[in-house]
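Starting from 1, each residue takes its place in the sequence as its number.
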Amino acid sequence: MQSITIKGSQRESVGKVSTKALRNAGKVPCVLYGGDKPLHFSADEISFKNLVYTANVYTATIELEGTTYHAILQDIQFHPVTDRILHVDFYQLFDDKMVTMNIPVRLIGTSPGVINGGSLSFPMRKLSIRALPADLPDFINADISKLKIGNKLVVSELANDKLHILHPENTVVVQVRTARAAILDDDDDDEEEEGEEGTASESTEEGATTE
């Protein structure tokens, strides 16, 4: 998984006065959990732009006074009026410890059902997974190139050995629904044509026998 670097400074004081002073200076108070003890620090608000205001998911590389910590964004607080970032919580990553994250689902391919007028339903745009940090993917790919009208992809079809998806196996991730403007898939058309030819042939043979 790609990572965003956050360069910060450790906080000596965590009171309301110092927190307000940090925010007035364009900095965001943060806490890193998961280690021996919580680590309080601050970073420039602009540092969080690519980490927060995006549909993608990244880990964070936090650089504090010569020491580097790998973490994930755990919680974030925004101002109710201005939407400015007020506070950020991180959770430290360790190579041998599983972590839970919400990962975006990326559709690949073109659905023949959609081409034929079906409606694509995509209810699970993110999936909650549990994996080791080294196995965290940027996306979970969902191949829709074989989905005809009425077909669907469920969680069990997207899982692999390196990550555990924390949803029931029969959870629908994406499906193609019937729409009023939908036409039959090519296979259905072929079957109908064969049926019509067979009927015409039978009618001709019956007519010849009668004569």
Side-chain angles (χ1 to χ4, degrees), residues 1-108 120 122-142 158 160 162-167 173-174:
M1 176 176 285
Q2 299 182 63
S3 182
I4 299 293
T5 299
I6 304 292
K7 295 182 179 182
S9 302
Q10 287 190 249
R11 298 171 59 193
E12 296 181 359
S13 176
V14 294
K16 291 183 178 180
V17 175
S18 62
T19 297
K20 184 177 181 180
L22 284 172
R23 290 172 180 155
N24 289 339
K27 296 183 179 294
V28 177
C30 308
V31 181
L32 176 64
Y33 295 100
D36 295 333
K37 60 181 181 180
L39 181 61
H40 298 266
F41 68 98
S42 65
D44 292 335
E45 186 174 2
I46 195 172
S47 301
F48 299 92
K49 179 180 178 181
N50 294 329
L51 182 65
V52 176
Y53 303 108
T54 175
N56 299 328
V57 177
Y58 302 97
T59 58
T61 299
I62 301 172
E63 297 180 357
L64 296 177
E65 300 172 4
T67 303
T68 299
Y69 304 88
H70 299 288
I72 58 172
L73 182 65
Q74 187 175 46
D75 189 33
I76 186 167
Q77 297 175 17
F78 294 94
H79 190 282
V81 178
T82 64
D83 280 339
R84 287 189 61 186
I85 299 173
L86 296 179
H87 187 86
V88 177
D89 288 342
F90 290 95
Y91 186 81
Q92 188 172 352
L93 297 177
F94 297 93
D95 293 340
D96 59 345
K97 290 185 179 181
M98 304 278 278
V99 63
T100 299
M101 285 192 74
N102 291 324
I103 304 296
V105 177
R106 179 171 61 183
L107 302 184
I108 59 175
L120 186 70
F122 189 14
M124 300 296 290
R125 295 179 181 270
K126 285 188 177 182
L127 293 175
S128 181
I129 72 160
R130 188 168 177 78
L132 291 173
D135 296 329
L136 290 171
D138 294 312
F139 302 95
I140 297 176
N141 289 326
L158 303 181
N160 61 53
K162 292 185 176 181
L163 57 87
H164 177 59
I165 301 179
L166 304 178
H167 300 272
V173 178
V174 59

Between side-chain atoms of residues 128-138 and protein atoms elsewhere (two or more places apart, or another chain), which donor-acceptor pairs fall under 3.5 Å?
| unit_1 | atom_1 | unit_2 | atom_2 | d |
| --- | --- | --- | --- | --- |
| R130 | NH1 | T100 | OG1 | 3.0 |
| D138 | OD1 | Q2 | N | 3.0 |

N102 CG to L73 CG distance, which is reported to the nearest 0.5 Å
11.0 Å
If you measure from CG on L158 to CG on L127, what distance do you get to the nearest 0.5 Å?
6.5 Å
Rounded to the nearest 0.5 Å, what separation is found between the NE2 atom of H70 and the OH atom of Y91?
15.5 Å
Taking the side chain as every heavy atom from C-beta outward, state whether F90 and I72 have any atom pair closer than 4.5 Å.
no
Is there a side-chain contact between Q10 and L39 in this structure, where contact means two heavy atoms from C-beta onward sitting under 4.5 Å apart?
yes
Hey, does F41 have a side-chain heavy atom less than 4.5 Å from the side chain of I62?
yes
For the CZ atom of F48 and the CD1 atom of I6, what is their distance to the nearest 0.5 Å?
5.0 Å
Listing request: all side-chain hydrogen bond (donor to acceptor under 3.5 Å, both in side chains) pairs with a residue in residues 22-42, at least two apart in sequence or in separate chains.
K27-D44
In this structure, OG of S47 is separated from CD1 of I4 (nearest 0.5 Å) by 10.5 Å
Closest approach of F78 to D83 (non-hydrogen atoms, all atoms of both residues):
CD2-O, 3.3 Å
So, using side chain to side chain donor-acceptor pair (under 3.5 Å) as the criterion, who are the partners of D89 when residues are at least two apart?
H87
Applying side-chain contact (heavy atoms from CB on, under 4.5 Å), run through V52 and T54 and close with a yes or a no.
CA-CA 6 Å; V52 176; T54 175; over 6 Å; no
Locate the shortest heavy-atom distance separating A60 from S3; write the atom from each residue and the value.
C-OG, 3.6 Å
Rounded to the nearest 0.5 Å, what's the gap from OG1 on T82 to CG on L86? Could you check?
6.5 Å
Evaluate M98 against H164 for side-chain contact (heavy atoms from CB on, under 4.5 Å), listing each step before the verdict.
CA-CA 10 Å; M98 304 278 278; H164 177 59; 5.5 Å; no
All heavy atoms of P104 vs all of A55, minimum pair found to be CG-O, 3.7 Å
Go through the side-chain N and O atoms of T5 and T61 and say whether any donor and acceptor fall under 3.5 Å apart.
no
Cation-aromatic face contact K49/Y53, 6.0 Å, 45 degrees:
no
Answer yes or no: does atom CD1 of I108 have more than 12 heavy-atom neighbours from other residues, nucleotides or ligands under 6.0 Å?
yes
Sequence neighbours left out, what pairs pass salt bridge (charged side-chain N to carboxylate O under 4.0 Å, His left out) with at least one residue falling in residues 51-78?
none
Just jot down the side chain to side chain donor-acceptor pair (under 3.5 Å) partners of Y58, sequence neighbours excluded, or say none.
N56
Residues forming a salt bridge (Lys or Arg N to Asp or Glu O under 4.0 Å) with R84, sequence neighbours excluded:
E45
Side chains of M124 and V174 in contact at under 4.5 Å (non-hydrogen atoms):
no
Show your working on side-chain contact (heavy atoms from CB on, under 4.5 Å) between I103 and K126 and close with a plain yes or no.
CA-CA 5 Å; I103 304 296; K126 285 188 177 182; over 6 Å; no
R11 side chain reached by T19 side chain, heavy atoms, under 4.5 Å:
yes
